[in-house]
Amino acid sequence: MLRFTLPDGSCKEFSSPISVAELAATIGTGLARAAVAGRVDGKLVDLTTLLETDGAVEIITPSSPEGLEIIRHSTSHLMAHAVKELFPTAQVTIGPAVADGFYYDFDYERPFTPEDLVAIEARMEEIAARDLPVARQLMGRQEAIDWFLAQGERYKAEIIADIPADQTISLYRQGEFMDLCRGPHVPSTGRLKVFKLTRLAGAYWRGDSRNKMLQRIYGTAFPDKKALSAYLTLLEEAAKRDHRKLGKELDLFSIQDDAGGGLVLWHPMGARMRQTIEDQWKQAHREAGYEFLYTPHMANLDLWRTSGHLDFYRESMFNPMTVDEQAYQIRPMNCPFHILVFRSRIRSHRDLPMRWAELGTVYRYEMSGVLHGLFRVRGFTQDDAHIFCRESQIETEISAILDLTLLTLRTFGFEHFEVNLSTRPEKSVGSDEIWDKATTALRNAITHHGLDYCEDVGGGAFYGPKIDVKITDAIGRKWQCSTIQLDFNLPERFDIGYIGEDGARHRPIMIHRALMGSLERFFGILIEHYAGHFPLWLAPVQAVVLTITEAHNDWAMEVGQKLRAAGLRVETDLRNHKVSYKIREHAMRKIPWLLIVGEREQAEGAVSPRDRHGKELGLIPLETMLQRLLEESANRT
RNA sequence: GCCGACGUAGCUCAAUUGGCAGAGCAACGGAUUUGUAAUCCGUAGGUUCGGGGUUCGAUUCCCCGCGUCGGCUCCA
């Protein structure tokens, strides 16, 4: 008797082995129809897999993340099948499911065109309609290599040669098309109904720029049409929020060839916002017990030799320049300077912890092809800080940093956090003891904040473990900004120390941390998060006073002055235009409040506010509106 | 850096097979004094990214640069 435990805890018993599909059918016809694969004792398998021993079995449908991934993976095979039918000499390479779809890389004698994409998609529909069974089969290693070589598929043969000897080689056949694959896959091509090819791109074989450039076709697939159209809507929404577009429309910043790629020019409206962000940042840091440093943008190359950056960070650094026959380096990091400040005198254990912050502008060489608006630039300002502390202070300091991090991120409207702890990699400096202690301290600090976290084992830098925090924006995209990083290396290299209670010299622990990461990038994220509709406290112009006719200019100017005197960023628009014209213009600038001033308002010392959603509040005394604006600004909502 | 697509006025975009480079918005000038998302008229605005080539003639075709955009980790 065979016993299978289902996820709900119930059991099914059978006298002889049955397939996953058959098991699904005994549970329900709906489930059997939706099933794309099964999970047996934690392992994903095909529906055709025979269940021959007792175990925990789960039926996978497209509504689960695993099921969706299988659909996408199978769709990538469907695409490869279509490509091989249309372009028989194209070689297939790899085609996995990825975050929001799938891709497949091909080697073909000419570039694919957008028209090819249309033809491929049409052929995919056709093959799906043929409803070909997708069957798994095992093959001997050499047999598989020979088979693929006979088909002219050299990449597949290469892949097989690299598969560890203890793994079996499995292939999936659908009609004439056979592909090397671990699986599992949907049982037949007819199960793939909703898909779309999205773009063409180049991609190196195995992601290595020394290898041949292949052609990658991206696509996506969903369980149903509704999910696909929701995804396409999300893409449209993201395009509307694109910070490069909004940055231009709202006149916030520019990046110009005349200055150079990846170098950001902050225009007055963007600079106002940056000042607001910096003010907030400074205030929070003062309250958290930080001091501020200002350090140079370049330094003698020897400093970077001592820090080790010249060895392990060189490819991200600009070339040195010569000054008085000495080599100088524009800085890619701030930390060596903070170390120099620490080392400038003898430090006592009583001085620790020392928390030093700097909005430090750094310059890093990024390959021209990766530059991207404010997200990937060559010159940017880090909200950097370095904490020098004793080993025993690590946990409290990390905990305080996490407090400050969450406070800061919440201030900017981010509520969902994803925390990642990266631990010791194989190649690293520092003793086992210090790594253990530090990693435990980081873990404790995270759990004390009640945060869920993932551990990336071996994912830390060679010089210390770290915590990364990801935020989720208004349309669900994740961004990593904050990072908290322990460093057992730099204090060593610069031989810094403090005098302990015992009178002996001890090595301090150094913590690097950034909350927003790069001000430029964070600004870009904010623009997209708010879609340009900044909350009042951030908005570069908080209100515009606009007149009906020039008869109301005096009152409008008085209103403007009073609001500005209260610290609000307010413009007056006295132009001789229709109100509707002026409203349209300021609405497009996404100004939070428009204060209309005409006959009645002037007579009663009032304004008629209109909010950014077009809601009119009617006549309100100026003083009342002033208080309301101040309150809204202070609440940061 | 590499692959592909793209590059026309400040912005958004036109220009049939190679045949005088255009529109809307913005700017500027004038008129209009207006109550909640565009008042009317006029003026000016261009090395069609840069350089070379083919041609009687190139925004259009070819070559070389530059830039922008999408990609280049997500294991068969």
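Letters go in sequence order (proteins before strands), and every chain restarts at 1.
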- Between R584(A) and R199(A), just flag the one whose closest nucleotide in RNA chain B comes earlier from the 5' side. R584(A)
- E69(A) vs P609(A), nearer the 5' end of RNA chain B by closest nucleotide: P609(A)
Any [X] side-chain nitrogen or oxygen under 4.0 Å from OP1 or OP2 of [N]:
X	N	result
S580(A)	U36(B)	no
R182(A)	A76(B)	yes
Y103(A)	C74(B)	yes
Y218(A)	C3(B)	no
R244(A)	G70(B)	yes
H577(A)	U32(B)	no

- Item | Qualifying residues under side-chain contact (heavy atoms from CB on, under 4.5 Å), relative to P609(A), sequence neighbours excluded |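 Counting only residues at least two positions away or on another chain, P609(A) forms a side-chain contact (heavy atoms from CB on, under 4.5 Å) with W593(A), L595(A), V607(A), L617(A), I620(A), M625(A).
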- Decide yes or no for L47(A) and V36(A): does some side-chain heavy atom of the first lie under 4.5 Å from some side-chain heavy atom of the second?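 The answer is no, as the side chains (C-beta and beyond) never meet within the 4.5 Å cut-off.
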Under 3.5 Å on both distances, the Watson-Crick or G-U partner of [N]:
N	answer
C72(B)	G1(B)
U43(B)	A27(B)
U55(B)	none
C6(B)	G67(B)
U60(B)	none
C13(B)	G22(B)

Using a 6.0 Å cut-off, check whether atom [atom1] of [X] has over 12 heavy atoms from anything other than its own residue.
X	atom1	value
K590(A)	NZ	yes
R154(A)	CZ	no
Q137(A)	CD	yes

Can you check the [X] [atom1] to [N] [atom2] distance for me, whole Å?
X	N	atom1	atom2	result
E158(A)	A76(B)	CD	P	15 Å
K578(A)	U33(B)	NZ	P	13 Å
F318(A)	G1(B)	CZ	P	12 Å
L371(A)	G1(B)	CG	P	9 Å
K248(A)	C25(B)	NZ	P	20 Å
L574(A)	U32(B)	CG	P	19 Å
E604(A)	G35(B)	CD	P	18 Å
D107(A)	A76(B)	CG	C1'	17 Å

- Message: Has R173(A) got a side-chain atom pairing as donor or acceptor with M178(A)'s backbone, closer than 3.5 angstrom?
- Response: no
- Do side-chain atoms of Q215(A) reach the backbone of G202(A) as a donor and acceptor pair under 3.5 angstrom? no
Any base atoms under 4.0 Å from [X], or only sugar-phosphate, or nothing? Heavy atoms, all strands.
X	value
G369(A)	base
S254(A)	nothing
R610(A)	base
Y204(A)	base
S608(A)	base
Q167(A)	base
K156(A)	sugar-phosphate

Considering only the [atom1] atoms, how many Å lie between [N] and [M], rounded to the nearest integer?
N	M	atom1	result
G18(B)	U12(B)	P	28 Å
A21(B)	A9(B)	C1'	11 Å
U55(B)	A14(B)	C1'	26 Å
G46(B)	G10(B)	P	8 Å

Which nucleotide in [options] has an atom nearest any side-chain atom of [X]:
X	options	value
Y581(A)	C75(B), A26(B), C72(B)	A26(B)
I163(A)	A76(B), A26(B), C2(B)	A76(B)
I94(A)	C75(B), G1(B), U33(B)	C75(B)
V579(A)	G35(B), A76(B), C72(B)	G35(B)
M213(A)	G67(B), G1(B), C2(B)	C2(B)

- Message: Determine whether the aromatic ring centres of residues Y155(A) and F148(A) are separated by less than 6.0 angstrom.
- Response: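 So the answer is no for these two rings.
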- Numerically ordered, the residues 586-601 of chain A set in heavy-atom contact under 4.0 Å with RNA chain B is A587(A), M588(A), I596(A), G598(A), E599(A), R600(A), E601(A)
- Candidate pair R477(A) and D473(A), rule salt bridge (Lys or Arg N to Asp or Glu O under 4.0 Å), full reasoning: CA-CA 5 Å; R477(A) 295 172 302 178; D473(A) 74 9; 2.9 Å; yes
- Which value, rounded to the nearest 0.5 Å, describes the distance between R216(A) atom CZ and Y103(A) atom OH? 4.0 Å
- Message: I'd like to know if D456(A) pairs up with K466(A) as an ion pair, taking the criterion as any Lys NZ or Arg NE/NH1/NH2 lying under 4.0 Å from an Asp or Glu carboxylate oxygen.
- Response: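 So D456(A) does not pair with K466(A) through a salt bridge.
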